[in-house]
Amino acid sequence: TTAKQNSSENKNSKALVVYFTYAENAELPDGVDVSSSASIQEWQEEITGNTGVVAHMISEATGANLFSIQTVEKYPSDYDETVDQGQEEQGDNARPELSTQIENLDDYDTIFLGYPNWNEDLPMPMYTFLEEYDLSGKTIIPFTTHGGSGFASTIQTIESLQPNATVNENGLSISRNSVADAKSDVVDWVNDLEL
């Protein structure tokens, strides 16, 4: 899949926002109640997750294109069951198969890389992504949404999986409880990056 063009003016077309979010990888029922879940959000009438909302905010602030990491096998619609599946995948050191691919990766020199913190680690689809793509020579700028543990050791994990990329350690960490009101924090962070 080619990365989605951002509808705003593309002032930073060399950047791509790559993200994994639960709600875009779950079999959610039609008319799901976004207000009843801590991880399901709505962005411009589309269902996404906390990380998806932040990804869209970064895209708007930078003009960067968006790419959603999607798994072939969807996660359960029940959040607790998804937590259990995520823990099982971590225990098995699983590499879930991805259904979306970036065909034009050479077009980008900066990758904003977003993910929820699952059990103080990357979700296993992020391992799949980071092992399938060679981001050598690119700058990776991580961002995460979490329930209290921030980045944990995920930045170091990204550095070890992409040793020939430059990983910006001044990533953005947002509590899942603050996502809806994070736009000014995102804009300030992007401005501080001086892209």
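Start at 1 with the first residue, then count along the sequence. Excluded from the calculations below are hydrogen atoms, water molecules and symmetry mates; all remaining heavy atoms, backbone and side chain alike, are included.
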With sequence neighbours left out, the residues meeting ring-ring contact (aromatic ring centres under 6.0 Å, His included) with Tyr115 are none
Rounded to the nearest 0.5 Å, the CD atom of Glu97 sits from the CD atom of Glu132 at a distance of 8.0 Å
Notebook entry, point to check: Is a side-chain N or O of Asp92 found less than 3.5 angstrom from the main chain of Ala94, in a donor-acceptor match?
Noted result: no
For this session: Look at atom CD of Gln87 and say whether more than 12 heavy atoms of other residues, nucleotides or ligands are closer to it than 6.0 Å.
Result: yes
Exercise for review: Would you indicate whether the side-chain heavy atoms of Phe67 and Val17 approach each other to under 4.5 Å?
Suggested key: no
Between Thr51 and Gly114, the two heavy atoms sitting closest are CG2-C, 3.5 Å
side-chain contact (heavy atoms from CB on, under 4.5 Å), that's the test. Do Trp189 and Ile141 meet it? Break it down for me.
CA-CA 11 Å; Trp189 173 70; Ile141 305 173; 3.4 Å; yes
Any side-chain heavy atom of Val186 within less than 4.5 Å of one from Val54?
yes
Worksheet item: Do the side chains of Ile69 and Met126 get nearer than 4.5 Å, heavy atoms only?
Response: yes
(Q) Taking the side chain as everything from C-beta on, heavy atoms only, tell me whether Asn50 gets closer than 4.5 Å to Pro116. (A) no
Worksheet item: Do you see a donor-acceptor pair shorter than 3.5 Å between the side chains of Asn93 and Tyr127?
Response: no
Q.
With no hydrogens and no angle check, just 3.5 Å: does a side-chain donor-acceptor pair link Glu24 and Tyr19?
A. yes
Gln70 side chain to Ser99 backbone, donor-acceptor under 3.5 Å: no
Criterion side-chain contact (heavy atoms from CB on, under 4.5 Å) on Glu159 and Glu169, from CA distance to verdict:
CA-CA 10 Å; Glu159 289 172 332; Glu169 295 190 2; 2.5 Å; yes
Do any N or O atoms from the side chain of Thr100 and from the backbone of Ser68 form a donor-acceptor pair under 3.5 angstrom?
yes
So do Asn65 and Tyr108 actually touch side chain to side chain, heavy atoms under 4.5 Å? yes
Heavy-atom check, side chain of Thr110 versus side chain of Lys14, under 4.5 Å
no
Correct closest heavy-atom pair for Ser59 and Ala64 would be OG-O, 2.6 Å
Look only at the side chain of Thr62 and the backbone of Ile58, and say whether a donor-acceptor pair between them is shorter than 3.5 Å.
yes
### Salt bridge Glu60-Lys183, side-chain N to carboxylate O under 4.0 Å
yes
Does Leu105 reach the side chain of Leu135, with side-chain heavy atoms less than 4.5 Å apart? yes
Under 3.5 Å: donor-acceptor pair, side chain of Asn104, backbone of Asp107:
no
| said: Looking at Asp134 and Ser136, would you say the former's side chain and the latter's main chain have a donor-acceptor pair under 3.5 Å? | reply: yes
Value for CG (Leu172) from CG (Leu193), rounded to nearest 0.5 Å, stands at 8.5 Å
Check: Ser173/Thr144 side-chain N/O donor and acceptor closer than 3.5 Å:
no
Would one find more than 12 heavy atoms of other residues, nucleotides or ligands at under 6.0 Å from atom CD of Glu73?
no
Of all heavy-atom pairs linking Gln162 and Leu130, the shortest is NE2-O, 2.6 Å
Original post:
Is any side-chain heavy atom of Met124 closer than 4.5 Å to a side-chain heavy atom of Gln85?
Top reply: no
**Message:** Under the criterion side-chain contact (heavy atoms from CB on, under 4.5 Å), I'd like the reasoning laid out for Asn117 against Thr145: C-alpha separation, chi angles, the key distance, then a yes or no.
**Reply:** CA-CA 6 Å; Asn117 180 324; Thr145 56; over 6 Å; no
request  = Find out if a path of hydrophobic residues (ILVMFWY) with successive side-chain heavy-atom gaps under 4.5 Å connects Leu66 to Val187.
outcome  = no
Handout entry: side-chain contact (heavy atoms from CB on, under 4.5 Å) evaluation trace for Thr128 with Thr71
Key = CA-CA 10 Å; Thr128 306; Thr71 55; over 6 Å; no
On a heavy-atom basis, the closest approach of Met57 and Ala182 is SD-C, 4.0 Å
Please confirm whether the ring centroid of Tyr75 lies under 6.0 Å from the ring centroid of Trp118.
yes
